[in-house]
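Heavy atoms only: backbone and side chains are in, while hydrogens, waters and symmetry mates are out.
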Amino acid sequence: MMKQNANSAPARKGAPDFQLLILTLLLVGFGLIMVYSSSASLNFRGDSLYFIKKQFIWAGLGTAIMLVAMNMHYSKFKKLYVPMFIVTLFFLTIVMFMGSINGASSWLSIGTLGIQPSELAKLSIILYLSALISKKGERFRDLRTGYIPVMVIVGIVAGLIYMQNDLGTCFILVATSGLVIYSGGASLKHIMGSVALLILGAGIVFGVKAGIDAVSNSGQTAAEQDYRHGRIEAFLDPMKDPEGTGFHIIQSLIAIGEGGVGGSGIGQSVQKLHYLPYPYTDFIFAVIGEELGFVGTCIFLLVYLYFILRGILVSLRCNDPFGTLVGIGVMGLIAIQAFINIGGVTKTIPLTGVTLPFISYGGSSMLVTLLAMGIVLSISRESNRPVKEEHTKSVVVKEDQPLRVIRSARQAR
């Protein structure tokens, strides 16, 4: 076995991964351009710059948070995951008693500020699972003492989000958790069993939710149900009700088609002019397709893909299981959420109404995503430490360590 120390602070910090840092800033900058382009014509509350001004503030604050997190040793977040997780559970419980927006009760209003606790839940569950799995080590492969307690935590958080009618975020959290759990060395047999239990649990939660809705005697409940059913019908056949449930997805496909090969140019989208709903959030990719065309959209997607792959590579180079799992979880979260957003807009999968990370308008998403990237950049600093200081590390990693991503990291090195 080889000995390493992930908990003791290094004498000298390595440099953050320059490529990953620049790619992050480029995506944030491109997002600001697209938020401005997709929202300037709306003149919201008498101000055509309303959304871009708020997004600029969120992006600036998020970048500052990212830089602070980048300069902290990532192992400190291993100590913060418990209070962060408790705060997340508290807010997820409170938000269910708030009013719904677009069929989902996932917003917590503090004055004029809207906060989405489910965004914080995504990062909290990654930190929680990574800390728990790395602490348990080989005991994590034991069903009773390792795997089941972890799945119970995931089930509780996913259930709270599902009760908010936020199915898209619920799926993202479950998929990201599954990625972290698999990377942590969980038995494939246990994972397949948990999938069956997940389906059963979803059925139970759905039944409980239906019972609550039945006795609520609320017209809002019926509207929420119609909203969910409408999205499914729009995915199956948008032309069945082109002026109703299928209108939004039809307009999205028209926008992408109108972009052609070269696009109409930044700021020249027609579909954003009161045809696309929320063109600066859920449907911002449709505006990208119309204004940048096939070529520009492909370049954007390639940059996005390289950004994700670069983050994964940085995470695999970390010799600490906690750092590797956090990095894999964060980059997996971004990839999964981007796929769901783009897939919904292009009618590849049913529309769920989640944001495109770094690009869509949204304060909660921007702050949490940039905080998560700050942690990944901190992990990259550990990986880039001078070789002569490698002897100062002290975490034990056995040659038969079940952590799948650690094996991959050694091969990559």
Gln337 (side chain) donor-acceptor with Leu356 (main chain) under 3.5 angstrom: no

Separation between OG of Ser183 and CG of Leu129, rounded to the nearest 0.5 Å: 11.0 Å

Side-chain donor/acceptor of Ser134 to backbone N/O of Ala131, under 3.5 Å: yes

Steps toward side-chain contact (heavy atoms from CB on, under 4.5 Å) verdict (Leu305, Leu301): CA-CA 6 Å; Leu305 178 61; Leu301 291 176; over 6 Å; no

Asp47 and Lys53, any side-chain heavy atoms less than 4.5 Å apart: yes

Exercise: do Ser360 and Thr355 side chains pair donor with acceptor under 3.5 Å: no

Flag, side chain of Thr324 to backbone of Ser315, donor-acceptor distance under 3.5 Å: yes

Over all atoms of both residues, closest heavy-atom pair of Leu92 and Ala121: CD1-CB, 4.0 Å

Side chains of Leu167 and Thr352 in contact at under 4.5 Å (non-hydrogen atoms): no

Chi angles and distances behind the side-chain contact (heavy atoms from CB on, under 4.5 Å) call for Met331, Val314: CA-CA 10 Å; Met331 302 314 300; Val314 165; over 6 Å; no

Contact check, side chains of Ile94 and Phe90, non-hydrogen atoms, under 4.5 Å: yes

Carboxylate-amine/guanidinium proximity below 4.0 Å for Lys272 and Glu290: no

For Phe30, the option from Leu25, Ile288, Val303 that meets side chain to side chain contact (heavy atoms under 4.5 Å, CB included): Ile288

Side-chain touch Val326/Val376, heavy atoms, less than 4.5 angstrom: no

Derivation of the side-chain contact (heavy atoms from CB on, under 4.5 Å) call for Leu370 and Ile65: CA-CA 7 Å; Leu370 285 174; Ile65 292 174; 5.9 Å; no

Mutual orientation of the aromatic rings belonging to Phe85 and Tyr128 [parallel < 30°, tilted 30-60°, perpendicular > 60°]: tilted

Donor-acceptor pair, side chain of Ser38 and main chain of Met34, under 3.5 angstrom: yes

Contact summary for Cys170 and Tyr162, nearest pair of heavy atoms: SG-CB, 4.0 Å

Residue pair Gly289 / Thr297: nearest heavy atoms and the distance that separates them: CA-OG1, 3.4 Å

Spatial distance of atom CZ (Phe294) from atom CD1 (Ile299) [nearest 0.5 Å]: 10.5 Å

Expected output: side-chain Thr88 to main-chain Met84 donor-acceptor under 3.5 Å: yes

Summary of salt bridge (Lys or Arg N to Asp or Glu O under 4.0 Å) pairs that have at least one residue in residues 15-32, sequence neighbours excluded: Asp17-Arg310

Partners passing side chain to side chain contact (heavy atoms under 4.5 Å, CB included) against Phe51 (at least two apart in sequence or in another chain): Val35, Ser39, Leu42, Phe44, Tyr280, Tyr361

Residue pair Phe77 / Ser130, side-chain heavy-atom distance below 4.5 Å: no

Side-chain touch Val180/Ile328, heavy atoms, less than 4.5 angstrom: no

Ser380 side-chain N/O to Pro16 backbone N/O, donor-acceptor pair under 3.5 Å: no

Shortest non-hydrogen contact between Ala372 and Val330, atoms and distance: CB-CG1, 3.7 Å

Distance, nearest 0.5 Å, that separates CD of Gln251 from CD of Glu258: 10.5 Å

Ser252 (side chain) donor-acceptor with Val345 (main chain) under 3.5 angstrom: yes

side-chain contact (heavy atoms from CB on, under 4.5 Å) evaluation trace for Thr93 with Leu160: CA-CA 7 Å; Thr93 303; Leu160 288 173; 4.3 Å; yes

Shortest non-hydrogen contact from Ala255 toward Leu276: CB-CD1, 4.3 Å

Contact check, side chains of Lys347 and Leu253, non-hydrogen atoms, under 4.5 Å: yes

Value rounded to 0.5 Å, distance of CG in Leu20 from CD1 in Ile308: 11.0 Å

Partner of Met66 under side chain to side chain contact (heavy atoms under 4.5 Å, CB included), chosen from Asn71, Thr24, Leu61: Thr24

From CG (Leu123) to OG1 (Thr176), nearest 0.5 Å: 11.0 Å

Nearest atoms (heavy-atom pairs only) where Leu32 meets Ile52: O-CD1, 3.2 Å

Full working for ring pair (Phe, Tyr, Trp, His ring centres under 6.0 Å) between Tyr304 and Phe300: CA-CA 6 Å; Tyr304 214 113; Phe300 163 69; 5.6 Å; yes

Greater than 12 external heavy atoms within 6.0 Å of Tyr275's OH: no

Interatomic spacing from CD1 in Ile342 to CD1 in Ile284 - rounded to 0.5 Å: 11.0 Å

